[in-house]
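Heads up, the thing below is written out as structure tokens.
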Number of protein chains: 2
Amino acid sequence: MAGVREEKKRRTRQAILQAAVQLFGDKGYERTSINELAKAAGVGKGTIYSYFQTKSEIFLAFCEDELEQVYAEVAQKTGPDARLTEQLMAFFMGQFRYVTRHKDFGRLLLREMIFPKELTVERSKDLDNSYIDYLSAMCTGAQERGELRRDVDLLFVCGHFYALYLITVSAWYMDRLQTEDDVAGALELLLQQSLEGLLPTGRK
Amino acid sequence: MAGVREEKKRRTRQAILQAAVQLFGDKGYERTSINELAKAAGVGKGTIYSYFQTKSEIFLAFCEDELEQVYAEVAQKTGPDARLTEQLMAFFMGQFRYVTRHKDFGRLLLREMIFPKELTVERSKDLDNSYIDYLSAMCTGAQERGELRRDVDLLFVCGHFYALYLITVSAWYMDRLQTEDDVAGALELLLQQSLEGLLPTGRK
DNA sequence: ACAAAAAGTCGACCGCGGTCGGCTTTTTTG
DNA sequence: CAAAAAAGCCGACCGCGGTCGACTTTTTGT
């Protein structure tokens with residue numbers, strides 16, 4: 001009977017991802033080998049590579065799920081009508097808390113997402129797009145409330161905010177910022193700067 | 001006679017770095033194996049690891065030199081009295097051109113510098129500091145010329161600009177920006193935003 | 001001057017991520 | 001329903017980055 005094949009594939013894929021959640025979550029990405037993963041998923045090593053091109057691609061797939069959670073958590077903490085900076089802070093700090101809980105993880109995810117290799121570019125873009133969508137929604141709301149200029153490209157605004165988040169996380173990874181509060185403080189300051197502008201007040 | 005040892009060490013270290021410049025520059029970082037490097041430097045594999053902790057550390061050492069060149073090139077193109085955005089663009093685009101010429105390279109360098117592992121944090125900080133110094137100098141000048149607010153922490157201003165550069169490079173790696181001109185355009189726009197601010201013009 | 005100690009060198013070896021050709025299972029064809 | 005074709009699965013195998021203990025060279029102590 002036809003269709004058996006497709007069903008099996010779906011199941012196998014799920015088994016691999018399930019094993020990944022288990023093992024990555026348990027002992028970390030770096031300390032989980034593909035062989036272990038294959039064993040745990042009950043398939044051969046080669047099979048894994050017919051579902052995913054690289055180890056990090058498995059990781060990104062795994063992260064898509066995790067990110068959903070973060071989004072949900074953030075949505076819970078602040079509504080769509082809060083002030084823009086408040087929403088941004090909730091969004092970014094929600095992610096940051098995730099990163100702090102999984103430092104190695106987070107580094108890898110960020111590395112792949114921000115400076116992807118050719119092989120993972122597509123997956124990174126997917127993740128990135130869901131990011132941008134989320135931020136765009138926030139910004140549109142803010143524009144309607146008059147908290148944000150309307151004569152700017154939303155993509156660039158989102159990029160701008162995102163950039164500030166990244167540099168802050170980077171500062172944390174480089175040990176320039178130690179505590180969560182340090183990070184929050186720095187990020188808020190940077191966001192403030194971006195809103196107010198850096199020109200002297202008697203401006204052009 | 002004493003001192004023979006020290007001299008030899010210095011020479012060996014130089015030989016390794018020299019071989020790295022040669023091979024990394026020639027066939028790229030990823031496609032150069034430690035074994036090759038060892039052969040080319042005329043030492044054993046293990047020896048290399050008594051001079052550097054990881055392959056990427058060799059790379060960072062190598063990059064310190066390269067960066068010097070970029071700085072020099074930039075200094076040549078624009079003086080310290082040019083408008084701030086012009087200086088920033090020259091500085092960042094100088095680096096970007098380097099990155100485009102060595103895509104794999106650049107990715108690795110950025111990954112290590114922005115999201116360093118514990119092992120390379122120190123080296124990354126060194127590189128980063130030289131960055132910040134350079135940017136700080138530009139900003140101080142701009143402040144004196146009245147192109148930049150004085151009531152802001154320079155570190156955060158530099159971080160802000162740097163963040164915008166990074167997100168732009170990231171967009172390039174993700175294939176959202178293709179040509180050098182695209183990148184320059186996007187970066188200039190973002191810098192402009194940061195100077196003018198994102199608040200509506202009837203602002204707080 | 002020589003032996004003991006310290007420092008430095010080396011390549012066989014390890015487990016890893018990733019590949020590939022042979023094998024099994026499913027689907028298609030007449 | 002059998003045989004050919006297509007699709008999927010597997011694990012031995014590859015070169016890699018990195019480790020380690022045996023070995024060599026330099027320094028130190030007497």
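Proteins get letters first, then strands, A, B, ... in listed order; numbering begins at 1 in each.
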Please list every donor-acceptor pair under 3.5 Å in which a side-chain atom of residues 44-53 of chain A meets a protein atom from a residue at least two apart or in another chain.
| residue | atom | partner | partner atom | Å |
| --- | --- | --- | --- | --- |
| A/S50 | OG | A/T47 | O | 2.7 |

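The aromatic rings of B/F115 and A/F115 are tilted relative to each other, their planes meeting at an angle between 30° and 60°. The aromatic rings of A/F59 and A/F105 lie perpendicular to each other, with more than 60° between the two planes, well past the 30° mark. Using bins of under 30°, 30° to 60° and over 60° for the plane-to-plane angle, the ring pair B/H160/A/H160 lands in the perpendicular bin. B/F96 and B/W172 have perpendicular rings, their planes meeting at more than 60° on a 0 to 90° scale where under 30° would count as parallel.
Between B/Y134 and B/C158 there is no side-chain heavy-atom pair separated by less than 4.5 Å.
Figure legend: cation-pi geometry between B/K117 and A/Y173 absent, as NZ or CZ is not positioned both under 6.0 Å from the six-membered ring centre and within 45° of its axis.
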field: Contact letters for nucleotides 6-18 of chain D, in which S counts primed atoms plus P, OP1 and OP2 and B counts the base, heavy atoms under 4.0 Å
entry: -BSSBB----SBB

Do any N or O atoms of the protein come closer than 3.5 Å to N or O atoms of nucleotides 21-24 of chain D, and which pairs are they?
none

